[in-house]
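So the structure is just underneath, and the comments pick up after that.
Just the heavy atoms: all of them, side chains too, but no hydrogens, waters or symmetry mates, feed the values below.
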Amino acid sequence: MTRQDEFRQLHASGCFVMPNPWDVGSAVALEQMGFKALATTSSGHAWTMARADNHVMRDEMLEHLREICAAVGVPVNADFEGGYADHPDDVAANVKLAAGTGIAGLSIEDSTGDDAEPLYPFELAVERIRAARQAIDEGGTGVLLTGRSEGFVVGRPDLGETVRRLQAYAEAGADCLYAPRIETVEQISAIVSAVAPKPINLLINAPFLTVAEAADLGVRRISVGGTLARAAWAGALAAAEEIATEGTFSRFVALPDLDALFSRSIASE
(Lines give C-alpha, C1' and ligand atoms only; values in the text may rest on other atoms or scores of the structure.)
Protein backbone atom coordinates (compact mmCIF):
# COMPACT_ATOMS: atom_id res chain seq x y z
CA MET A 1 0.00 0.00 0.00
CA THR A 2 1.35 3.43 -0.90
CA ARG A 3 1.56 6.23 1.60
CA GLN A 4 -1.12 8.02 -0.40
CA ASP A 5 -3.40 5.00 0.04
CA GLU A 6 -2.61 4.83 3.75
CA PHE A 7 -3.46 8.51 4.11
CA ARG A 8 -6.80 8.14 2.35
CA GLN A 9 -7.62 5.14 4.54
CA LEU A 10 -7.05 7.25 7.67
CA HIS A 11 -9.77 9.60 6.43
CA ALA A 12 -12.33 6.83 6.00
CA SER A 13 -13.45 6.65 9.64
CA GLY A 14 -12.58 7.68 13.16
CA CYS A 15 -10.42 10.63 14.18
CA PHE A 16 -6.64 10.85 13.98
CA VAL A 17 -4.07 13.42 15.06
CA MET A 18 -1.58 14.59 12.46
CA PRO A 19 1.01 16.70 14.35
CA ASN A 20 3.23 19.18 12.55
CA PRO A 21 7.01 18.75 12.61
CA TRP A 22 9.14 21.67 11.51
CA ASP A 23 12.31 19.82 10.50
CA VAL A 24 13.65 16.30 9.95
CA GLY A 25 14.49 15.71 13.61
CA SER A 26 11.06 16.64 14.88
CA ALA A 27 9.45 14.55 12.11
CA VAL A 28 11.41 11.45 13.09
CA ALA A 29 10.67 11.98 16.78
CA LEU A 30 6.92 12.29 16.14
CA GLU A 31 6.91 9.20 13.95
CA GLN A 32 8.63 7.25 16.74
CA MET A 33 5.86 8.30 19.11
CA GLY A 34 3.41 6.36 16.96
CA PHE A 35 1.55 9.04 15.04
CA LYS A 36 0.13 7.55 11.86
CA ALA A 37 0.60 10.67 9.72
CA LEU A 38 2.41 13.99 9.91
CA ALA A 39 1.87 17.42 8.39
CA THR A 40 4.36 20.12 7.60
CA THR A 41 3.93 23.63 8.98
CA SER A 42 4.82 26.62 6.84
CA SER A 43 5.32 28.80 9.92
CA GLY A 44 7.43 26.26 11.81
CA HIS A 45 9.63 25.74 8.77
CA ALA A 46 9.97 29.50 8.20
CA TRP A 47 11.12 30.07 11.78
CA THR A 48 14.00 27.61 11.33
CA MET A 49 15.18 29.97 8.58
CA ALA A 50 14.73 33.11 10.73
CA ARG A 51 11.76 34.20 8.64
CA ALA A 52 8.13 34.96 9.33
CA ASP A 53 5.40 32.68 8.00
CA ASN A 54 4.67 33.01 4.26
CA HIS A 55 8.24 34.11 3.53
CA VAL A 56 9.62 30.78 2.28
CA MET A 57 9.96 30.49 -1.46
CA ARG A 58 8.36 27.72 -3.49
CA ASP A 59 11.57 25.85 -4.30
CA GLU A 60 12.70 26.03 -0.68
CA MET A 61 9.38 24.52 0.36
CA LEU A 62 9.67 21.75 -2.23
CA GLU A 63 13.09 20.82 -0.87
CA HIS A 64 11.71 20.83 2.67
CA LEU A 65 8.93 18.46 1.60
CA ARG A 66 11.41 16.11 -0.04
CA GLU A 67 13.53 16.04 3.13
CA ILE A 68 10.61 15.32 5.46
CA CYS A 69 9.15 12.61 3.20
CA ALA A 70 12.54 10.92 2.86
CA ALA A 71 13.07 10.91 6.63
CA VAL A 72 9.85 9.15 7.69
CA GLY A 73 7.77 6.22 6.56
CA VAL A 74 4.33 7.58 7.47
CA PRO A 75 2.17 9.73 5.17
CA VAL A 76 3.05 13.43 5.09
CA ASN A 77 0.56 16.19 4.36
CA ALA A 78 2.05 19.39 2.95
CA ASP A 79 1.11 22.85 4.12
CA PHE A 80 1.48 24.26 0.62
CA GLU A 81 0.14 27.69 1.56
CA GLY A 82 -1.73 29.22 -1.41
CA GLY A 83 0.05 27.13 -4.02
CA TYR A 84 2.72 29.83 -4.44
CA ALA A 85 0.73 31.48 -7.22
CA ASP A 86 -2.42 33.47 -7.86
CA HIS A 87 -3.58 32.16 -11.24
CA PRO A 88 -5.18 28.68 -11.26
CA ASP A 89 -2.88 27.43 -14.04
CA ASP A 90 0.18 28.36 -12.01
CA VAL A 91 -1.29 26.77 -8.88
CA ALA A 92 -1.78 23.58 -10.90
CA ALA A 93 1.83 23.59 -12.10
CA ASN A 94 3.12 24.03 -8.56
CA VAL A 95 0.83 21.33 -7.20
CA LYS A 96 2.32 18.91 -9.73
CA LEU A 97 5.79 19.77 -8.45
CA ALA A 98 4.70 19.24 -4.85
CA ALA A 99 3.08 15.90 -5.67
CA GLY A 100 6.46 14.74 -6.96
CA THR A 101 8.15 15.18 -3.58
CA GLY A 102 6.55 12.09 -2.03
CA ILE A 103 3.79 13.79 -0.06
CA ALA A 104 0.51 11.98 0.59
CA GLY A 105 -1.61 15.13 0.74
CA LEU A 106 -1.49 18.89 0.45
CA SER A 107 -3.63 21.89 1.28
CA ILE A 108 -4.39 24.98 -0.78
CA GLU A 109 -5.61 28.05 1.07
CA ASP A 110 -7.58 31.06 -0.11
CA SER A 111 -5.70 33.89 1.62
CA THR A 112 -3.96 36.45 -0.57
CA GLY A 113 -1.45 38.10 1.77
CA ASP A 114 -3.08 41.45 0.94
CA ASP A 115 -4.47 43.18 4.05
CA ALA A 116 -6.96 45.14 1.95
CA GLU A 117 -8.35 42.01 0.24
CA PRO A 118 -7.21 39.11 2.42
CA LEU A 119 -9.25 36.41 0.64
CA TYR A 120 -9.31 35.58 -3.06
CA PRO A 121 -12.64 36.41 -4.69
CA PHE A 122 -15.02 33.49 -4.38
CA GLU A 123 -14.99 32.31 -8.00
CA LEU A 124 -11.21 32.60 -8.30
CA ALA A 125 -10.75 30.72 -5.03
CA VAL A 126 -12.92 27.88 -6.33
CA GLU A 127 -11.07 27.78 -9.65
CA ARG A 128 -7.77 27.48 -7.78
CA ILE A 129 -9.05 24.38 -5.97
CA ARG A 130 -10.43 22.97 -9.21
CA ALA A 131 -7.05 23.49 -10.88
CA ALA A 132 -5.26 21.73 -8.02
CA ARG A 133 -7.69 18.81 -8.31
CA GLN A 134 -7.06 18.51 -12.04
CA ALA A 135 -3.31 18.63 -11.55
CA ILE A 136 -3.43 15.79 -9.04
CA ASP A 137 -5.70 13.69 -11.22
CA GLU A 138 -3.54 14.20 -14.29
CA GLY A 139 -0.44 13.20 -12.34
CA GLY A 140 -2.03 10.02 -11.01
CA THR A 141 -0.28 10.38 -7.66
CA GLY A 142 -3.36 9.89 -5.48
CA VAL A 143 -2.40 12.89 -3.34
CA LEU A 144 -5.26 13.92 -1.06
CA LEU A 145 -6.38 17.53 -1.58
CA THR A 146 -7.47 19.73 1.30
CA GLY A 147 -9.29 23.00 0.62
CA ARG A 148 -8.64 25.67 3.25
CA SER A 149 -10.67 28.80 3.91
CA GLU A 150 -8.72 31.33 5.93
CA GLY A 151 -11.40 33.81 6.96
CA PHE A 152 -10.91 33.21 10.68
CA VAL A 153 -7.14 33.65 10.26
CA VAL A 154 -7.16 36.90 8.29
CA GLY A 155 -9.76 38.86 10.23
CA ARG A 156 -12.87 37.80 8.30
CA PRO A 157 -14.52 35.46 10.84
CA ASP A 158 -17.75 34.96 8.91
CA LEU A 159 -19.02 31.44 9.50
CA GLY A 160 -21.61 31.63 6.72
CA GLU A 161 -19.03 32.70 4.14
CA THR A 162 -16.57 30.09 5.40
CA VAL A 163 -19.18 27.37 5.00
CA ARG A 164 -20.07 28.65 1.51
CA ARG A 165 -16.45 28.49 0.45
CA LEU A 166 -15.78 25.06 1.95
CA GLN A 167 -18.86 23.60 0.27
CA ALA A 168 -17.72 25.04 -3.05
CA TYR A 169 -14.22 23.65 -2.55
CA ALA A 170 -15.72 20.24 -1.85
CA GLU A 171 -17.72 20.44 -5.08
CA ALA A 172 -14.57 21.53 -6.94
CA GLY A 173 -12.78 18.36 -5.86
CA ALA A 174 -11.28 18.91 -2.41
CA ASP A 175 -11.16 15.62 -0.48
CA CYS A 176 -10.93 17.27 2.94
CA LEU A 177 -11.98 20.70 4.19
CA TYR A 178 -10.26 22.97 6.68
CA ALA A 179 -11.07 26.30 8.35
CA PRO A 180 -8.20 27.17 10.67
CA ARG A 181 -8.91 29.06 13.90
CA ILE A 182 -12.51 28.00 14.39
CA GLU A 183 -12.70 27.18 18.06
CA THR A 184 -16.26 26.67 19.29
CA VAL A 185 -18.42 23.58 19.31
CA GLU A 186 -21.03 25.44 17.30
CA GLN A 187 -18.57 26.43 14.57
CA ILE A 188 -17.10 22.95 14.35
CA SER A 189 -20.50 21.26 14.23
CA ALA A 190 -21.74 23.64 11.55
CA ILE A 191 -18.78 22.92 9.27
CA VAL A 192 -18.83 19.16 9.85
CA SER A 193 -22.52 19.12 8.93
CA ALA A 194 -22.13 21.47 5.96
CA VAL A 195 -19.49 19.43 4.12
CA ALA A 196 -20.54 15.91 5.15
CA PRO A 197 -19.74 13.24 4.19
CA LYS A 198 -16.35 14.74 3.37
CA PRO A 199 -13.97 14.93 6.34
CA ILE A 200 -12.76 18.10 7.99
CA ASN A 201 -9.41 18.99 9.51
CA LEU A 202 -9.52 20.83 12.83
CA LEU A 203 -6.64 23.00 14.01
CA ILE A 204 -6.07 22.78 17.74
CA ASN A 205 -3.52 25.40 18.75
CA ALA A 206 -4.83 26.02 22.27
CA PRO A 207 -6.30 23.65 24.89
CA PHE A 208 -9.94 24.28 23.98
CA LEU A 209 -10.88 20.70 23.00
CA THR A 210 -9.66 17.14 23.50
CA VAL A 211 -9.20 14.52 20.80
CA ALA A 212 -12.14 12.55 22.19
CA GLU A 213 -14.38 15.62 22.17
CA ALA A 214 -13.37 16.47 18.61
CA ALA A 215 -14.13 12.92 17.54
CA ASP A 216 -17.58 13.14 19.14
CA LEU A 217 -18.27 16.25 17.03
CA GLY A 218 -17.45 14.33 13.85
CA VAL A 219 -13.95 15.71 13.26
CA ARG A 220 -11.89 13.28 11.20
CA ARG A 221 -8.43 14.87 11.35
CA ILE A 222 -6.61 17.12 13.85
CA SER A 223 -3.46 19.14 13.25
CA VAL A 224 -1.62 21.65 15.44
CA GLY A 225 -0.02 23.97 12.89
CA GLY A 226 3.07 25.75 14.16
CA THR A 227 2.13 25.31 17.82
CA LEU A 228 4.50 22.43 18.57
CA ALA A 229 7.31 24.49 17.07
CA ARG A 230 6.26 27.46 19.20
CA ALA A 231 6.28 25.26 22.29
CA ALA A 232 9.84 24.16 21.49
CA TRP A 233 10.90 27.76 20.88
CA ALA A 234 9.26 28.80 24.15
CA GLY A 235 11.44 26.41 26.12
CA ALA A 236 14.64 27.40 24.33
CA LEU A 237 13.97 31.14 24.50
CA ALA A 238 13.03 31.04 28.18
CA ALA A 239 16.24 29.17 29.03
CA ALA A 240 18.34 31.57 26.97
CA GLU A 241 16.62 34.61 28.49
CA GLU A 242 17.41 33.32 31.98
CA ILE A 243 21.07 32.90 31.06
CA ALA A 244 21.24 36.35 29.48
CA THR A 245 19.47 38.23 32.28
CA GLU A 246 20.13 36.18 35.44
CA GLY A 247 23.29 34.25 34.65
CA THR A 248 21.60 31.07 35.89
CA PHE A 249 20.78 27.75 34.28
CA SER A 250 17.84 26.44 36.28
CA ARG A 251 15.98 25.19 33.22
CA PHE A 252 18.72 22.69 32.36
CA VAL A 253 17.01 19.85 34.24
CA ALA A 254 14.95 16.81 33.19
CA LEU A 255 15.92 17.26 29.55
CA PRO A 256 15.39 14.52 26.94
CA ASP A 257 18.20 12.20 25.82
CA LEU A 258 18.14 13.09 22.13
CA ASP A 259 21.15 10.93 21.26
CA ALA A 260 19.24 7.90 22.54
CA LEU A 261 16.13 8.96 20.67
CA PHE A 262 17.87 9.24 17.34
CA SER A 263 20.06 6.19 17.94
CA ARG A 264 16.84 4.17 18.05
CA SER A 265 15.87 5.75 14.75
CA ILE A 266 19.15 4.72 13.13
CA ALA A 267 18.89 1.20 14.54
CA SER A 268 15.42 0.73 13.04
CA GLU A 269 16.53 1.60 9.51
* Can you find a heavy atom in the side chain of T2 that is under 4.5 Å from one in the side chain of D5? -> yes
* Structure fact -> Correct closest heavy-atom pair for P21 and A39 would be CD-O, 3.0 Å
* Asked: Taking side chain as C-beta onward, heavy atoms only, is Q9 less than 4.5 Å from M1?
  -> yes
* Structure fact -> Members sharing L237's hydrophobic cluster, built from side-chain contacts under 4.5 Å between Ile, Leu, Val, Met, Phe, Trp and Tyr, are W47, W233
* Asked: Would you say R66 has more than 12 foreign heavy atoms packed within less than 6.0 Å of its CZ?
  -> yes
* Asked: What about V163 and L202, same hydrophobic cluster or not, with Ile/Leu/Val/Met/Phe/Trp/Tyr joined at side-chain heavy-atom distances under 4.5 Å?
  -> yes
* Members besides M57 in its Ile/Leu/Val/Met/Phe/Trp/Tyr cluster (side-chain heavy atoms under 4.5 Å) -> none
* With sequence neighbours excluded, give me every salt bridge (charged side-chain N to carboxylate O under 4.0 Å, His left out) pair touching residues 8-21. => R8-D175
* **Distance, nearest 0.5 Å, that separates CD of E63 from CD1 of I68** => 10.5 Å
* With Y169 via ring-ring contact (aromatic ring centres under 6.0 Å, His included) - residues at least two apart -> none
* Asked: What side-chain hydrogen bond (donor to acceptor under 3.5 Å, both in side chains) pairs are there with at least one residue in residues 15-28, not counting sequence neighbours?
  -> D23-S26
* Between the side chains of D79 and S42, does any donor sit under 3.5 Å from an acceptor? -> yes
* Asked: Does E150 reach the main-chain N or O of T112 with its side chain, forming a donor-acceptor pair under 3.5 Å?
  -> no
* To do: Establish whether V72 and F262 are linked, either directly or via other cluster members, by ILVMFWY side-chain heavy-atom contacts under 4.5 Å.
  => yes
* Would V195 end up clustered with L159 when hydrophobic side chains under 4.5 Å apart are linked, directly or stepwise? -> yes
* Asked: R165 versus D110: any side-chain heavy-atom pair under 4.5 Å?
  -> yes
* Evaluate the criterion side chain to side chain contact (heavy atoms under 4.5 Å, CB included) for residue pair S111 and V153; output intermediate values, then yes/no. => CA-CA 9 Å; S111 58; V153 176; over 6 Å; no
* Asked: Do L30 and V17 sit in the same hydrophobic cluster, where Ile, Leu, Val, Met, Phe, Trp and Tyr count as joined when their side-chain heavy atoms come under 4.5 Å apart?
  -> yes
* Sub-3.5 Å donor-acceptor pair from the side chain of Q167 to the main-chain atoms of A194, do we have one? -> yes
Residues 211-226, side-chain donor-acceptor partners within the protein, below 3.5 Å, at least two apart:
| unit_1 | atom_1 | unit_2 | atom_2 | d |
| --- | --- | --- | --- | --- |
| E213 | OE1 | T210 | N | 3.0 |
| E213 | OE1 | T210 | OG1 | 3.3 |
| R220 | NE | G14 | O | 2.8 |
| R220 | NH1 | H11 | O | 2.5 |
| R220 | NH1 | A12 | O | 3.4 |
| R221 | NE | N201 | OD1 | 2.6 |
| R221 | NH1 | H11 | NE2 | 3.0 |
| R221 | NH1 | T146 | OG1 | 3.4 |
| R221 | NH2 | T146 | OG1 | 3.2 |
| R221 | NH2 | N201 | OD1 | 3.4 |
| S223 | OG | N201 | ND2 | 3.0 |

* Which pair of heavy atoms, one from D115 and one from P118, lies closest together, and at what distance? -> O-CD, 3.7 Å
* To do: State whether the side chain of T162 and the backbone N or O of D158 hold a donor-acceptor pair below 3.5 Å, judged by distance alone.
  => yes
* Quick one: CD1 on I136 to CG on L145, what's the gap to the nearest 0.5 Å? -> 4.5 Å
* To do: Taking the side chain as every heavy atom from C-beta outward, state whether I182 and I191 have any atom pair closer than 4.5 Å.
  => yes
* Asked: Run the salt bridge (Lys or Arg N to Asp or Glu O under 4.0 Å) check on R181 and E183 step by step: do they pass?
  -> CA-CA 6 Å; R181 303 281 177 89; E183 57 184 20; over 6 Å; no
* Between the main-chain N or O of G139 and the side-chain N or O of K96, is there a donor-acceptor pair closer than 3.5 Å? -> no
* Asked: If every non-hydrogen atom of L166 is compared with every non-hydrogen atom of A179, which pair is closest and at what distance?
  -> CD1-CB, 4.1 Å
* Asked: Of all residues at least two apart in sequence or in a different chain, which pass the ring-ring contact (aromatic ring centres under 6.0 Å, His included) check with Y84?
  -> F80
* Asked: Of all heavy-atom pairs between G44 and A229, which one has the smallest distance, and what is that distance?
  -> CA-CB, 4.0 Å
* Structure fact -> salt bridge (charged side-chain N to carboxylate O under 4.0 Å, His left out) pairs touching residues 30-59, sequence neighbours excluded, are R51-E60
* Asked: Of V143, N94, T101, which is the lone residue that meets side-chain contact (heavy atoms from CB on, under 4.5 Å) with L106?
  -> V143
* Rounded to the nearest 0.5 Å, how far apart are CD of E161 and OG of S149? -> 7.0 Å
* Common cluster, I188/L203, ILVMFWY with side-chain heavy-atom separation under 4.5 Å -> no
* Which atom of A135 lies closest to which atom of A92, heavy atoms considered -> CB-O, 3.4 Å
* Donor-acceptor side-chain pairing of E242 and S250 below 3.5 angstrom -> yes
* To do: Evaluate the criterion side chain to side chain contact (heavy atoms under 4.5 Å, CB included) for residue pair F35 and V74; output intermediate values, then yes/no.
  => CA-CA 8 Å; F35 290 102; V74 296; over 6 Å; no
* Taking only residues at least two apart or on different chains, which pairs with a member in residues 56-76 satisfy ring-ring contact (aromatic ring centres under 6.0 Å, His included)? -> H45-H64
* Would you mind listing the cluster partners of L10? Hydrophobic ones only (ILVMFWY), side-chain contacts under 4.5 Å, chaining allowed. => F7, F16, M18, L144
* Asked: Hey, are E138 and Q134 close enough side-chain-wise for a donor-acceptor pair under 3.5 Å?
  -> yes
I'd like a table of donor-acceptor pairs (distance under 3.5 Å, sequence neighbours excluded) in which one partner is a side-chain atom from residues 120-127, with atom names and distances.
| unit_1 | atom_1 | unit_2 | atom_2 | d |
| --- | --- | --- | --- | --- |
| Y120 | OH | D86 | OD1 | 2.4 |
| E127 | OE2 | R130 | NH1 | 2.3 |

* Partner residues of Y178 under the ring-ring contact (aromatic ring centres under 6.0 Å, His included) criterion, sequence neighbours left out -> none
* Structure fact -> Heavy-atom closest pair (A71 atom, V24 atom, distance to 0.1 Å) is CB-CG1, 3.6 Å
* Asked: If you measure from OG1 on T141 to CZ on R3, what distance do you get to the nearest 0.5 Å?
  -> 13.0 Å
* Asked: Quick one: does R148's side chain get under 4.5 Å of I108's, heavy atoms only?
  -> no
